Amino acid sequence: MPRVRYMQALAEALADEMESDESVFVLGEDVRQSLRRVTYGLVDRFGTDRVLDTPLSEQAFTGFATGAALAGRRPVVEFQIPSLVYVAFDQIVNQAQKLSLMTGGQARVPVTYLVPGSGARRGLAGQHSDHPYSLLTHAGVCTVVPAMPDDAYGLFRAAIQHNDPVAVFAPAAVLGVRQELDELPTGVRLGKGRVHRSGHDVTVVAVGHLVHDALAVASELSERVSVEVFDPRTLMPFDWEGLITSVSKTQRLIVVDDTNRSAGLAGDIVATVTEHVTLRSKPQRVTRLDVAVPFSPKLESVVVPRRASILAAIERSVA
Amino acid sequence: MADVETEAAGPVSTAQLYRTMLLIRRFEETVIELVNTNEIPGTTHEYIGEEAVAAGVCAALTEEDVITSTHRGHGHCIAKGADVSRMMAELMAKSTGLNHGRGGSMHVADFSVGMLGANGIVGAGVPFALGAAWAKREAGNRSIAVPFFGDGTMAQGILSECLNIASLWSLPVVFVCENNRYAVSLRLEDSLAGNIADHARAYGIRADVADGMDASDVYHRMTELASYVRAGNGPGFLQCDTYRYGGHHTAESSLKLTYRTPDEVAEWRDRDPIEALGKLLDNDTAQRTAGEVDDVMSDAVAFARQSPEPASESALDFAYADDRVHARGEEC
């Protein structure tokens, strides 16, 4: 079976969508030269009127995408670095996301926001190491964070086909992950989680690249603890039914997420699950520390979730 | 009896321009009354005094052309052809409103006539016009997009970004700046270095200036700019110098702000755009128009009053176009 690289899966998803739907086009900074490699080759294949290089005007080009969507197109907006989501924040959460409701359904905004290389990458420091996905989830924006190449392909295509704004975060740490795949999946839906590893002692919910860390820790502990690893894949709409089914079985919950603790995603997951399931031990959260990621790689590794903290959380949970 | 023609009348008559302006005026006066009796919740931003701009600009547009608007959007909405009864119902938060009661004054929209919505964030709707204009051109359409915005918006970064992109990509857009000289209490000279039209020209955009108290002048200049833009010459910019007789919003009167003098307001009242155009009409036409407008308004208020409010269970409706996605409620 061929081994498909995550980044390649993303690129193929976009190309396949552009091939099958003429209304899809991509815009962003350096997308023709494809600095971020997701759009590589697209301008040669589809032409300059479907691959637009924008000036450094994140608010305007995000709003431009909204306008094009209102006029019947399906834009894919690439934010070259995750922090650009902050610059375009009003246009995403206060405009695109709200237009359908505010206009009583007159407006439909089928736009996709792509953040290739989300999160920390060792030494990129405070402004280039964030995962803004929790902020968008909090604002009700449909959001996916695929951890595997097949999900990257399937969810990116699903996101583009979806009729609401969808944010696709491709974590930096998984861009190089390879997976043996006979073919790339079609018909993947937003809103369904995935159990990567079945277990009965504890459910570890892991987001994005942390799925791989959770699986590695689960393997390490397999003699002593049977760990179930649940990957939500979509943060909004979240597969609560799938997760509740898992935790009803294991009755122990750990959430591992590389975004901030305060008012955070992990807190919502713990609260929602415990509203439906009685646990046999205290829930655990492994999150980022609430600071800007320091430049020093040594300090960076303290601030972001790591395998040692996942392991420690599991041990506390089953103690 | 014949319609009196003016130099700038063209295919749209003086009587039509007058009717649109009068309808906007009566609508806004009615809205103020209804805000004061709390039949319209919240506060609204009146267009009184500025009617010539919306009427003149929209008269030069076709049904295919689209506009984006501001927080002061009732005039744009009426001039673009929205159903006035459904507009009133929207302001009164009824389910029969244009936005089914979900938007109100600041988000009122009628996509069926190309009015893509009022917007509560200054300048935020301007890029929608650019994207829509581009998409329509790509589809082989000769229509144009017209973002309305105020003098205060000239200081917003997003506006400069849009002027730049529209010029670079030669987009079929006519930017319309309604210069009423104040951004709430901030005077234009304290808000913007240089002058409005020159800002557009700095991006290589053809900019014209209209007397925003003269509907014929606005209409004439907008028609020219629209032709220029439709012919593929790139974007245009129309500065309309106008004045709002009311406060920034209906709540301002209780705040007793003193940023302008009663004398100044009186001076501009003497230049009332509706009175000015009315002088060019014969009495019969003027009276008949006034009667028609009164009928439209009383129908609108009756319709809105008789309409039901949306059901409580529908609070999460329209949040997502895809009905497989549900907004977080209490169940999960």
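Any value given below was found using the heavy atoms of this structure, including those in side chains, with hydrogens, waters and symmetry copies removed. In the text below, chain A, chain B and the rest are named by the order of the sequence lines, each starting its count at 1. Values in this document were obtained by computation on a predicted structure and should not be read as measured data.
- Ranked by heavy-atom pairs shorter than 4.5 Å toward chain A, the options B/Ile158, B/Leu159, B/Val66, B/Leu98 are led by B/Ile158.
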Would you mind checking chain B against chain A for donor-acceptor pairs under 3.5 Å and listing them?
residue, atom, partner, partner atom, Å
B/Leu98, O, A/Gln106, NE2, 3.0
B/Asn99, OD1, A/Gln106, NE2, 3.4
B/Asn99, ND2, A/Met102, O, 2.8
B/Gly103, N, A/Met102, O, 3.4
B/Ala109, O, A/Gln106, NE2, 3.0
B/Phe111, N, A/Gln106, OE1, 2.8
B/Asn119, OD1, A/Gln95, NE2, 3.4
B/Asn119, ND2, A/Gln95, OE1, 2.7
B/Ala124, O, A/Gln91, NE2, 3.0
B/Glu161, OE1, A/Ala60, N, 2.8
B/Phe318, O, A/Ser100, OG, 2.6
B/Phe318, O, A/Leu101, N, 3.1
B/Tyr320, OH, A/Gly140, O, 2.4
B/Ala321, N, A/Asp164, OD1, 2.6
B/Ala321, N, A/Asp164, OD2, 3.3
B/Asp322, N, A/Asp164, OD2, 3.1
B/Asp322, OD2, A/His162, ND1, 3.3
B/Arg328, NH1, A/Asp268, OD2, 2.8
B/Arg328, NH2, A/Asp268, OD1, 3.2
B/Arg328, NH2, A/Thr272, OG1, 3.2
B/Glu331, O, A/His276, NE2, 3.4

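- Both the backbone and the side chain of B/Leu130 come within less than 4.5 Å of a heavy atom in chain A.
- For chain B, no part of A/Leu27 is nearby; none of its heavy atoms comes within less than 4.5 Å.
- Residue contact with chain A, scored on non-hydrogen atoms closer than 4.5 Å, involves the side chain of B/Leu168 exclusively.
- Proximity to chain A involves both the backbone and the side chain of B/Ala124, based on heavy atoms less than 4.5 angstrom apart.
- Between chain A and the options B/Leu116, B/Ile121, B/Val108, heavy-atom pairs under 4.5 Å are most frequent for B/Ile121.
- Top candidate by heavy-atom pairs under 4.5 Å with chain B, chosen from A/Ala271, A/Ala107, A/Ala65, is A/Ala107.
- With a 4.5 angstrom heavy-atom cutoff, A/Phe238 does not touch chain B via any of its atoms.
- Of the listed residues (A/Gly67, A/Ala69, A/Cys142, A/Pro55), the greatest number of heavy-atom pairs within a distance under 4.5 Å of chain B belongs to A/Gly67.
- Contacts classified as salt bridge (Lys or Arg N to Asp or Glu O under 4.0 Å) and involving residues 145-155 of chain B (residues at least two apart or in different chains) are not found.
- Nearest heavy-atom pair, B/Ile165 versus A/Ala60, reported as atom, atom and distance to 0.1 Å: CD1-CB, 3.9 Å.
- Heavy atoms closer than 4.5 Å to chain B are found in the side chain of A/Leu99, but not in its backbone.
- Annotation: maximal heavy-atom pairing with chain B below 4.5 Å, among A/Val109, A/Val273, A/Leu52, A/Leu56, occurs at A/Leu52.
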